[in-house]
Amino acid sequence: FVLIFSFPITAYSWEKVPVPDYVDKKIKSPWNFIEDFEKQKEGKLKLKKLTINNKGAGLKPFKIKKDFNGNKYLEVTVKHGWNNDPYKKKGKETERAEFQTKQKRTLNKEIWIGFKTRLPKDFTHIDDRVLFFQFKNQHDPMKRSPLLGIRFYENGNVLDIAGDTGGIAKKSWNQEESDKHSIMIRYKKNDTNWLAFQEKTRGKKPYNNFKLTQNKSFKITKLGEWTTYKIGIYNTKQETGFVKVFKDNKLIFDYKGITYDWKGKYTGSYVRIGIYRDSGKRIGIEYPDQSIHFDDFTVVSDKKTLDKYLN
């Protein structure tokens, strides 16, 4: 017979990723890691190098789950009334649960981010904003959008990839600054595909020239299936900046230009995955519970390294 000894697992699956020699160290990402959740125990998420954007619910919204094939992943859930930002006024309530990097300075840095995500088969879309990724240049105070957010709108019929490249951080959204600083592309469901129908770059009104994408149309991922996002950002006041978004290796957003043009006290940047939605309290209803799955959360300094881990 064979004796089998069992020992408690104390390791975590967060792994530091080496920066290749060919990467210019002056512009390397301040984060270089992959978190694949494989060494986490099923159940409540354990934090080590990463953290959460906690508005009161703590780790309750975050669970480690396992598929039939043994793969572990992070399930993030929002419910009516959970994690409302206490600084939001009545009528501006939100519900959020976000897993994030610790805040670090990213000016003049090149960051490549990747993750896999899945909407469960029983996922219910809502007729409101549901953001599941953001790269945020944080200021004190800060009342504006991230540099890049990826969101669903209109019962999941619109995929919105957009953000603010600058402005006055302490001022709330206004049309003048949005025209000057916001960047955006929107896709609408068309049978089994996403079809680009609107885009915007800095200093212009929304239009439909579609210079920000090489793929005006791409396949919609079915509920219950995984998809992979890869995001490249060069955060700079110079015209050499960029924001790129790939979905399953198709380039669906390709902005080139200034990515940091803020006035305010910059405190650092975050990379966040999870759910951030407007609450049904705003209109006197309760939205259903929503859970989204995430895996292989990766942040590195170049696309070649990102492809190595996420292909």
Side-chain angles (χ1 to χ4, degrees), residues 45 51-63 75-101 103 119 123-184 186 200 206 262-292 294:
L45 172 71
T51 184
I52 59 172
N53 185 15
N54 186 17
K55 302 297 182 184
L59 288 167
K60 190 187 300 183
F62 305 91
K63 300 293 182 185
E75 180 182 79
V76 182
T77 300
V78 290
K79 298 184 178 184
H80 179 73
W82 267 22
N83 258 15
N84 175 55
D85 190 331
Y87 295 103
K88 296 281 188 182
K89 296 178 181 178
K90 187 174 181 180
K92 298 290 185 180
E93 296 91 349
T94 58
E95 293 146 3
R96 66 196 305 173
E98 293 168 296
F99 186 54
Q100 65 185 22
T101 59
Q103 190 179 89
L119 302 180
F123 185 85
T124 302
H125 283 288
I126 61 174
D127 191 13
D128 214 324
R129 171 188 62 154
V130 179
L131 181 148
F132 59 92
F133 168 84
Q134 60 172 308
F135 178 92
K136 185 74 175 278
N137 284 318
Q138 191 67 33
H139 295 75
D140 183 19
M142 184 62 172
K143 296 185 177 182
R144 303 294 290 280
S145 294
L147 171 60
L148 179 67
I150 306 178
R151 315 159 180 84
F152 292 115
Y153 281 104
E154 299 181 17
N155 291 306
N157 289 309
V158 171
L159 179 66
D160 177 271
I161 303 169
D164 280 338
T165 61
I168 301 172
K170 66 180 181 181
K171 287 182 65 174
S172 298
W173 185 93
N174 62 84
Q175 190 65 57
E176 181 182 356
E177 289 207 328
S178 178
D179 290 346
K180 184 176 180 180
H181 297 290
S182 65
I183 55 176
M184 172 267 291
R186 285 185 166 184
K200 182 191 176 304
W262 288 102
K263 292 181 180 178
K265 183 183 176 182
Y266 174 61
T267 58
S269 305
Y270 291 104
V271 181
R272 292 170 172 164
I273 56 174
I275 310 175
Y276 180 20
R277 71 183 190 182
D278 293 333
S279 175
K281 288 182 177 182
R282 296 185 178 203
I283 52 176
I285 64 173
E286 289 190 19
Y287 287 135
D289 298 354
Q290 290 180 309
S291 295
I292 298 180
F294 296 92

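Computed from heavy atoms alone, side chains included, the values below leave out hydrogens, waters and symmetry copies.
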**Student:** Between Q290 (side chain only) and T124 (backbone N and O only), is there a donor and an acceptor less than 3.5 Å apart?
**Tutor:** yes
**Student:** First locate atom CG of N174, then atom CZ of R144, and finally report the distance between them rounded to the nearest 0.5 Å.
**Tutor:** 6.0 Å
**Student:** For K180, give me all partners under side-chain contact (heavy atoms from CB on, under 4.5 Å), at least two apart in sequence or on another chain.
**Tutor:** none
**Student:** Quick check: closest heavy atoms across E95 and G81, and the distance to 0.1 Å?
**Tutor:** OE2-N, 2.9 Å
**Student:** Between the side chain of E75 and the main-chain N/O of S291, is any donor-acceptor distance below 3.5 Å?
**Tutor:** no
**Student:** Can you give me the closest heavy-atom contact between F152 and L159, atom names plus distance?
**Tutor:** CE2-CD1, 4.0 Å
**Student:** Mind checking side-chain hydrogen bond (donor to acceptor under 3.5 Å, both in side chains) for Q175 and listing every partner two or more places apart, or none if nothing turns up?
**Tutor:** D179
**Student:** Tell me every residue that passes side-chain contact (heavy atoms from CB on, under 4.5 Å) with D278, counting only those two or more places apart in sequence or in another chain.
**Tutor:** T94, D128, R129, R282
**Student:** Which heavy atom of T101 sits nearest to which heavy atom of T51, and what is that distance?
**Tutor:** O-CG2, 3.8 Å
**Student:** Would you indicate whether the side-chain heavy atoms of N83 and V78 approach each other to under 4.5 Å?
**Tutor:** no
**Student:** Applying side-chain hydrogen bond (donor to acceptor under 3.5 Å, both in side chains), can you list everything that pairs with Y153, at least two apart in sequence or on another chain?
**Tutor:** none
**Student:** Kindly compute the distance separating NZ (K263) from CD (E177), expressed to the nearest 0.5 Å.
**Tutor:** 8.5 Å
**Student:** OG1/T77 to CG/D289 distance, rounded to the nearest 0.5 angstrom?
**Tutor:** 7.5 Å
**Student:** Could you grab the distance from atom CZ of F294 to atom CD1 of I275, nearest 0.5 Å is fine?
**Tutor:** 6.5 Å
**Student:** Among Q100, K136, Q138, Q103, find the residue that satisfies the side-chain hydrogen bond (donor to acceptor under 3.5 Å, both in side chains) test when tested with Y270.
**Tutor:** Q103
**Student:** Would you say the side-chain atoms of H139 pair up with the backbone N or O of N137, donor to acceptor, closer than 3.5 Å?
**Tutor:** yes
**Student:** Just to verify, what does E286 make a side-chain contact (heavy atoms from CB on, under 4.5 Å) with, not counting sequence neighbours?
**Tutor:** H80
**Student:** Would you mind reporting whether T165 and L147 have side-chain heavy atoms less than 4.5 Å apart?
**Tutor:** yes
**Student:** For P146 versus F135, what's the shortest heavy-atom pair and its separation?
**Tutor:** CB-O, 3.2 Å
**Student:** Looking at D164 and G166, would you say the former's side chain and the latter's main chain have a donor-acceptor pair under 3.5 Å?
**Tutor:** no
**Student:** Rounded to the nearest 0.5 Å, how far does NE2 of H181 lie from OG of S145?
**Tutor:** 12.5 Å
**Student:** What's the shortest heavy-atom distance between I126 and P288, and which atoms?
**Tutor:** CG2-CD, 3.7 Å
**Student:** What's the spacing between N155 CG and D127 CG if we round to 0.5 Å?
**Tutor:** 4.5 Å
**Student:** Return yes if a side-chain donor-acceptor contact under 3.5 Å exists between Q134 and E98, otherwise no.
**Tutor:** yes
**Student:** Just jot down the side-chain contact (heavy atoms from CB on, under 4.5 Å) partners of W82, sequence neighbours excluded, or say none.
**Tutor:** K60, P61, K79
**Student:** Going by atom types alone, do S182 and K200 pair a side-chain donor with an acceptor below 3.5 Å?
**Tutor:** yes
**Student:** Can you name the closest pair of heavy atoms from F99 and F62 and give their distance?
**Tutor:** N-CE2, 3.8 Å
